[in-house]
S.K.: 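Right, I'll just put the structure down here and ask away after.
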Amino acid sequence: MKETIRFTLNGKTAAVDVEGDRKLLWVLRTEIGLTGTKYGCGTGICGACTVLVDGATVRSCMADIKGVAGKRVTTIEGLADGKNLHPLQQAFIEHGAVQCGFCTPGMLLNAAALLERNPKLTREEILRGMENNLCRCGAHKRIVEAIESVSRERRG
Amino acid sequence: MKENPYTARYSRRDFAKFIGGGLVFCFSSRGLAQAPKGKMPGFGPPAGASDWNAYLRIGADGRVTVFSGKIEMGQANTTALAQMAAEELAVPVDSIDMVMGDTDLCPWDMGTFGSMSVSVYGAALRSAAAEAREILLELGSERLSVPVSELKAENGAVVAGSGKRVAYADLARGEKITRKPARKPAVTTPAEFKVIGQSVERLDGRAKVTGAAKYAGDLRFPGLLYAALVRPPAHGATLRTVDTSEAEKVPGVRVVREEGLVALLAEDPETARLARSKVKAEYEIPDTKVDQKSIFEHLLAKAPQPQSQEKRGDLAEGEKAAVRIFEHAYYNGYGAHAPMEPHTAVARMEGDKLTLWLSTQAPFMAQTQIASQLKPAPGKVRIITPQVGGGFGGKSITSNEALEAARLAVVTGKPVMVAFDRREEFFYDAFRPAAIVKIRSGIDSAGKICLWDYQVYYAGNRSAEQFYDVPHNLMRVYGSWMAAPGVHPFNTGTWRAPGANINVFARESQIDIMAAHLEEDPLEFRLRNTSDARMRRVLEEAARRFGYSPAPAPSRRGIGMACGIDAGSYVAEIAEISVDGGRITVRRITAAQDMGVCVNPKGSVMQMEGCITMGLGYALTEEIEFQGGKILTTNFHQYRIPRFSMLPAIDAFVVKNDALAPQGGGEPAIVPVGGAIANALFDSTGLRVFEMPLTVERVTGAGQTKAH
Ligand code: FES
Ligand code: FES
C-alpha cells in the first residue's frame, strides 16, 4: 500500500507516495532523481549507498523509506553548502582521493559523519572508521590523507 | 573545464550543425594512430570505419574540443589527454573540453585497455594537435600577411615578432579542415614542455565529489523501464520450464519472454526484482565436476599446443652448464574484476536508430557487436559512454546487458535499463583465468642464470619477457586468457595487466629461490644477472628510497622485491611484511616506475598507488569459489577486495626518463605486487607459497612444500 512519507532532504521538505518498505536508495534514485547515492552490493557491505539520517550514517540499500519519515536525510548532493564545497569534498579533490568516483559519495558521507562525531581523528581511527566502505580503484591512501588533512585543520 | 558536454545532446544528425560553429580538424586515424612496435598487432579501425575523423574543434569562443574514442573509468586519461592537446596547440589546459567514448562523435578506437590511452592514442592526438597548430599558423599567416616562419603559436593565438596577433577564436570560421599543412610539424620536445609534466588536477573531480557525475545507471528518460532478467543457477544450464504467472500479478510489471530471455520490467528496479523473485524456472544443469581444487589438473590436461617464443641458445646446452637446476610450478585461481559499478546499459530506440548508454571500456566494439546481433537489424547504433565506475579489463568485452537492454527497448518501444545486481556481476564477470606457470631454471658455476625454460598455461605472455641475461632461454605459451569453449567452466577475460601478475609472481619467485640457494642478497643477484639499464635503474632507485640494506633471504626481516616490464614501463617494488599465525600484513611498499615521459606526475602516482592497493587483493585474499558452472561467490562478504585495514604505507614514485615517449601507466605497478609479497613471506619465514592468493591456509600449509 502506498503512503505519503515526508522528510527533510538536503535541507528542503520532501514527500513521496510509495510503499513504505521501498528502500531509501531506490526512492532517492528513481522517485526523486537524486542519483549521487550509488548501488554497489545491495546487502549493506560496500557503503556506496551511504547517506546521513539525522547526522548518522545509514546504508540506504537496507533502509526502508518509512524509517526516515520526519527525519533529516543528507545525500551527497546536499553535502556542499550551495556552491561552496564541504572541506572534505575540497580535500578529496586536492589529495587525489577520487578515481572512478563510484565509491566517492559513500566515502565522503561516511567521513563527514566520523568527523562530526570526532573532529580530531587519528589515522588509526580513520582507518577503522572507513573500513566498511569499499573502493576498487585503490584510492584508499589518498582518501585517508584527505580526511587527515581536514581533521588536522579542525584540530587547528 | 567541462567534461563530456556534448555526449548527451548530439546525434550524428546534429554533428554538421555542431561543427558549423568553428574550425574542425579531421585526420586519418590510420595515419595517426599507429601502435608502437610490438604492441597490439592489428590495431586500427576495421574496414568500413570512417577513415577521416574529427580529432579537434576550435570554437568561435576559442574553446577547444577534443574527441577521443577512449573512455574514462577513473584513470584520469581524460586529463592527461587534455594536457597533451593543450601542449601542442599552445592553449591553456582549462580551455579544453573532452568528448570521450561516443561512437557518433569520436574517432574509431579499439578500446581502453592495455594502458594505451596516453602512449598510443595520446601520441596520435599530439600529432593531430601539432598539425592543427601548423594549419592555424598558416591561416594566421594569411590573415596577418606575415610568413609562417616568422609566426609562433602562443596562449591561444598566432603571434608575429612585431607583436601583431590573431586569436584562434578569430580564425575559427566554421570550415572543416581537411588540408594538410605545407610542412610536417614536429611535436613539442620535452625541453619545451609547459603543460605536459605538470600535475594538472583531474577534470572530473568536482562532478565526482558532488554526486553530479553521471554513470549509465544515473540516466533518466521519460517512460524508462527497469528490467530484471531471470538468470540461470550455473553456467551452461538450459532453461527447461518457466512459470511467470505469479510475477505477472505484481502491479506495474510487464513480462517479456523471447528466445533466451525472460525479463520483468517495471518503473522502478525494486518492483522488477520483486517480480523476478516470483518466477519459477527449472534448469538442466550440466554435470561438471571441476572445482577450485581440481581445476589445475583439468586445465593442464586440456592445454592447447604451445607457441614457442623468445628462443635463445639451446636448453640442452644450458642444462649442461648448470651446476644446479630448479624446477617449480606456480598457480593462481580465478579472480573477479568487481568494479564498484556493476555492468549497466540503457537502451533507447528512435525510429530504427538505437542509442545505448553503456558502462564499457570498448564502445566501438560494442557498436559493431550490437549492430550485428540485434534483430531486426537497427539502421544505426550509437554507443555513448558516460562515466565508468571502474573497469580493470572487465568491461572490455561486451557482456549480456548491452544486447538485453537493446532487445527489450525494441520489444517494449520504451527506454530500458539493464543494470546487474552484485550477484549477476559476479556471475557474468569474465574472470581472470586460472593459470599455471612452470619454470626450470639453472645457475652455472659463476652463479649466473644459464637456463630458463618457461611454460605458461592460460595466462599468455604478458610481462613474461626475459630481461635477465640468460643465454639459453625458451618460453612456451599454452593459450591465453581466452580459451576454447569447455576449458574454463565460465567466461574468462582480461584482468588488469592480463596474465602479467602470475607471470611476474612466478619469475620473481624463481629468481629469489636461486638467490637464496646461493645465499646471495636478492637485489645483488638480480643486478648481477641483468644488464638491462632501465631495469637496473628502477631496482636501484626503489632500493635507495626504501633504505634497503642487503642480506640473503630468509633474513627474518620480511622484506621482498619483484620487478617487471608492462606496457613499456619498468617497475620495481619492495615490500615489507609481518606474518602472524599465517596472516600476512603488508607494512609498506616502495615502488619505482620508469614510464618514459610522464604526462601528469600526480595522476601517474595515483595510478601506481591504485595498482599496488588493488594488487594486495590478488596477492592475499581474492579468489572465486565455484563448483562446475556454479559461482559460489556472490558478493563482497565472500570476495575480499582490499580494505582500509590492509593499507600499507605506499611510497610510489616515477623515475624520470624524458628520452622515451610516454609509456603505459594504468597497469604496470600492479604486476610485481604478488611476487614482492611472496618473496617477503619467504624472507620472513623461510616458507614459500606457490599459489596465489597467499591466504592463511596456504601460508600455514606451506611447511609441507618447503622450497629447495
Ligand atoms: S549498496 Fe548499500 S552497502 Fe553496498
Ligand atoms: S574511486 Fe573507484 S571505487 Fe573508489
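Note that the structure is a prediction, hence the values are computed from the model and not measured. Sequence lines set the chain letters: A, B, ... in the order given, protein chains first and strands last, and positions in each chain run from 1.
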S.K.: Heavy-atom distances under 4.5 Å only: say whether Thr104(A) touches chain B with side chain, backbone, both or neither.
M.R.: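 Just the side chain, heavy atoms under 4.5 Å.
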S.K.: Side chains of Glu609(B) and Gln99(A), heavy atoms from C-beta outward: is any pair under 4.5 Å?
M.R.: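 Answer no - side chains too far apart.
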S.K.: Please flag which part of Ile143(A) lies under 4.5 Å from any non-hydrogen atom of chain B: side chain, backbone, both or neither.
M.R.: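 Only the side chain of Ile143(A) comes within 4.5 Å of chain B.
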S.K.: Heavy-atom distances under 4.5 Å only: say whether Arg643(B) touches chain A with side chain, backbone, both or neither.
M.R.: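 It is both, since atoms from each part get that close.
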S.K.: Is there side-chain contact between Leu85(A) and Arg206(B), with heavy atoms separated by less than 4.5 Å?
M.R.: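 Yes, side chains in contact.
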S.K.: Of the backbone (N, CA, C, O) and the side chain (C-beta and beyond), which part of Arg22(A) lies under 4.5 Å from a heavy atom of chain B, both, or neither?
M.R.: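 Backbone plus side chain of Arg22(A), per the 4.5 Å heavy-atom cut-off to chain B.
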S.K.: Do we see a donor-acceptor contact under 3.5 Å between the side chains of Asn635(B) and Thr43(A)?
M.R.: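 Yes, Thr43(A) and Asn635(B) have a side-chain donor paired with an acceptor closer than 3.5 Å.
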S.K.: Relative to chain A, which of Met606(B), Arg496(B), Met614(B), Glu267(B) shows the most heavy atom pairs under 4.5 Å?
M.R.: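 Maximum pair count with chain A is reached by Met606(B).
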S.K.: Answer yes or no: is there a side-chain heavy-atom contact under 4.5 Å between Lys141(A) and Thr613(B)?
M.R.: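 The answer is no, as the side chains (C-beta and beyond) never meet within the 4.5 Å cut-off.
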S.K.: Does NZ or CZ of Arg29(A) lie under 6.0 Å from the centre of the six-membered ring of Tyr226(B), at an angle within 45° of the ring axis?
M.R.: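 No, cation not above the ring by the 6.0 Å, 45° rule.
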S.K.: Go through His637(B), Met73(B), Met340(B) and name the one with the most non-hydrogen pairs under 4.5 angstrom from chain A.
M.R.: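 Looking at each of His637(B), Met73(B), Met340(B) in turn, Met340(B) comes out on top.
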S.K.: Lys208(B) versus Ile93(A): any side-chain heavy-atom pair under 4.5 Å?
M.R.: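 Lys208(B) vs Ile93(A): side chains apart.
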S.K.: Where on Glu94(A) is there a heavy atom nearer than 4.5 Å to chain B: the side chain, the backbone, both, or neither?
M.R.: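 For Glu94(A), the contact with chain B is made by backbone and side chain together.
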